Participant: 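Questions regarding the structure given below will be posed in turn.
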Amino acid sequence: MKKEFLSRQYLESVSTANLITIADDYGIDIPDDLNRKFIIEELLDIQEESLSLEEKEEEEMKEDDKAVLNTLPKSYNHTKINAVLRNPAWAFVFWDIKESDITALKKSGASLSLRVLFFETEDSDEVIDTITNELTLADREQYVLIPAGRKYFVANLEYVETPGQNKVLAYSPRIQIPYESEALKSYQPGKKIKMNKLAELSGMEELLRQHYKCHRQSF
């Protein structure tokens with residue numbers, strides 16, 4: 001267990017009995033007739049050694065973390081795409097492309113894009129809305145603003161060799177978007193909305209006002 005930092009000023013202010021108790025905590029055997037000045041010096045020496053050891057261990061841990069980061073590859077040489085929801089309004093989409101696919105895309109001169117498809121139900125094949133963002137071959141992640149009221153989406157990594165003919169390089173699992181209250185979804189400053197008591201106490205109205213002020217493009 002990490003012990004409390006002991007200053008000389010603090011140690012000189014406590015009683016001899018307390019000094020002996022502190023020394024016991026540090027595993028120091030104190031003879032009954034030992035001068036309190038020596039007890040204080042011994043405690044400070046022990047603490048200095050302990051702090052030096054802790055600093056060394058922390059530095060070694062940082063070096064180990066750096067070593068792990070330096071060994072992680074920039075690519076796992078798999079063509080895959082996935083997405084996670086940051087909140088009901090934003091999705092974080094990330095992907096990897098294997099070297100052979102990158103080589104083929106460069107050779108063909110194909111353009112790459114991220115296409116997000118929205119569905120009404122988990123099993124529906126009918127696409128009710130799409131968002132398409134152009135990509136470079138160096139891109140590996142992107143945030144996507146989700147239109148209000150959408151329920152499910154799939155993120156596609158697509159390429160185009162011939163105009164009008166999109167081909168799917170990889171696609172994510174179908175992801176469910178958490179349900180939004182209709183009242184909260186349509187909120188605008190000055191518009192009175194009916195909230196239950198718990199929502200009022202949570203400060204929801206002020207939260208919505210600030211969100212509208214800073215991110216009104218998502219409304």
Side-chain angles (χ1 to χ4, degrees), residues 60-182 184-188 207-208 210-219:
E60 289 176 349
M61 289 176 65
K62 289 179 182 178
E63 291 299 323
D64 289 342
D65 290 342
K66 288 179 182 178
V68 170
L69 289 173
N70 289 336
T71 59
L72 291 175
K74 292 182 178 179
S75 171
Y76 288 90
N77 204 30
H78 292 290
T79 299
K80 296 181 67 175
I81 185 170
N82 213 328
V84 292
L85 286 169
R86 179 181 178 183
N87 52 47
W90 290 94
F92 178 67
V93 186
F94 55 99
W95 58 89
D96 192 13
I97 307 175
K98 62 184 179 182
E99 285 298 326
S100 59
D101 286 338
I102 292 176
T103 300
L105 290 169
K106 286 180 177 178
K107 186 176 180 180
S108 67
S111 61
L112 191 66
S113 63
L114 172 65
R115 189 163 178 250
V116 182
L117 298 83
F118 296 94
F119 303 87
E120 185 66 22
T121 67
E122 185 176 7
D123 302 319
S124 174
D125 293 327
E126 182 184 357
V127 178
I128 60 173
D129 196 4
T130 62
I131 295 174
T132 303
N133 295 329
E134 298 301 318
L135 303 173
T136 71
L137 290 176
D139 292 331
R140 288 295 179 271
E141 60 189 44
Q142 191 170 102
Y143 276 103
V144 176
L145 179 62
I146 299 172
R150 299 299 177 243
K151 297 179 180 179
Y152 292 87
F153 75 92
V154 170
N156 283 1
L157 198 58
E158 301 185 357
Y159 66 98
V160 179
E161 292 177 335
T162 304
Q165 296 182 8
N166 288 39
K167 296 182 179 179
V168 177
L169 195 61
Y171 59 90
S172 74
R174 187 168 298 201
I175 297 172
Q176 183 176 13
I177 302 165
Y179 169 79
E180 292 180 276
S181 163
E182 287 296 325
L184 300 185
K185 185 174 64 178
S186 60
Y187 173 81
Q188 292 182 13
L207 179 64
L208 288 170
Q210 290 300 320
H211 182 70
Y212 184 88
K213 178 181 176 181
C214 299
H215 304 287
R216 64 172 57 95
Q217 69 275 11
S218 67
F219 284 79

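Predicted model only: the values in this text are computed from it and were never measured. Numbers here are sequence positions counted from 1.
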Participant: Can you measure from CG (L145) to CD1 (I131) and round to the nearest 0.5 angstrom?
Facilitator: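 L145 CG to I131 CD1: 6.5 Å, rounded to 0.5 Å.
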Participant: Is K167 close to E161 at the side-chain level, that is, under 4.5 Å between some pair of heavy atoms?
Facilitator: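 Result yes, sub-4.5 Å side-chain heavy-atom pair found.
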Participant: How far apart are the closest heavy atoms of T136 and L112, and which atoms are they?
Facilitator: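 Taking T136 first and L112 second, the nearest heavy atoms are O-CD2, 3.9 Å.
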Participant: Can you name the closest pair of heavy atoms from P147 and F118 and give their distance?
Facilitator: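 Shortest heavy-atom contact: CD-CZ, 3.5 Å.
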Participant: I'd like to know if the side chain of S172 and the backbone of A155 have a donor-acceptor N/O pair within less than 3.5 Å.
Facilitator: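 Judged by distance alone, yes, a pair lies under 3.5 Å.
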Participant: Testing the basics here: between A91 and I146, what is the closest heavy-atom pair and its distance to 0.1 Å?
Facilitator: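 Heavy atoms of A91 and I146 come nearest at CB-CD1, 3.9 Å.
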Participant: Heavy-atom distance under 4.5 Å between the side chains of L157 and L135, does that happen here?
Facilitator: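 A side-chain contact under 4.5 Å exists here.
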Participant: In terms of relative ring orientation, are W90 and Y143 parallel, tilted or perpendicular, with 30° and 60° separating the classes?
Facilitator: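 Perpendicular, since the angle between the ring planes exceeds 60°.
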Participant: Test your reading of the model: is there a side-chain donor-acceptor pair from R115 to the backbone of N156, 3.5 Å cut-off?
Facilitator: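 No, R115 side chain to N156 backbone: no donor-acceptor pair under 3.5 Å.
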Participant: Minimum heavy-atom separation for F119 to S124, with atom names?
Facilitator: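 What the structure gives for the nearest pair is CD2-O, 3.4 Å.
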Participant: With the side chain counted from C-beta on, respond yes when I97 and Y159 share a heavy-atom pair under 4.5 Å apart, and no when they do not.
Facilitator: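 The answer is no, as the side chains (C-beta and beyond) never meet within the 4.5 Å cut-off.
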Participant: Mind checking the CG-CZ spacing from L117 to F153? Nearest 0.5 Å is all I need.
Facilitator: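 It is 11.0 Å, given to the nearest 0.5 Å.
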Participant: Carefully, step by step, assess E158 and V168 under the rule side chain to side chain contact (heavy atoms under 4.5 Å, CB included).
Facilitator: CA-CA 4 Å; E158 301 185 357; V168 177; 3.9 Å; yes
Participant: Within a strict 4.5 Å, meaning less than it, do heavy atoms of the N166 and T132 side chains meet?
Facilitator: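 Side chain of N166 against side chain of T132, heavy atoms only: no contact under 4.5 Å found.
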Participant: Could you grab the distance from atom CG of L114 to atom CG of D139, nearest 0.5 Å is fine?
Facilitator: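 Going from the CG atom of L114 to the CG atom of D139 covers 9.5 Å.
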Participant: Which heavy-atom pair separates K106 from L137 by the least distance, and what is that distance?
Facilitator: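 Looking at all heavy atoms of both residues, the closest pair is CG-CD1, 3.4 Å.
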Participant: Atom CD1 in I175, atom OH in Y152: separation rounded to 0.5 Å?
Facilitator: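 Rounded to the nearest 0.5 Å, the CD1-OH separation comes to 12.0 Å.
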Participant: So, taking the atom named CD in E120 and the one named CD1 in I128, what distance separates them when rounded to the nearest 0.5 Å?
Facilitator: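 If we round to the nearest 0.5 Å, E120:CD and I128:CD1 are 5.0 Å apart.
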Participant: Kindly compute the distance separating OG1 (T121) from CD (Q176), expressed to the nearest 0.5 Å.
Facilitator: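 If I round to the nearest 0.5 Å, the distance is 10.5 Å.
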Participant: Of the non-hydrogen atoms in N133 and Q142, which two are nearest, and what is the gap between them?
Facilitator: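 The answer is ND2-OE1, 2.7 Å.
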Participant: Indicate yes or no: at least one non-hydrogen side-chain atom of K80 is less than 4.5 angstrom from one of W95.
Facilitator: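 The answer is no, as the side chains (C-beta and beyond) never meet within the 4.5 Å cut-off.
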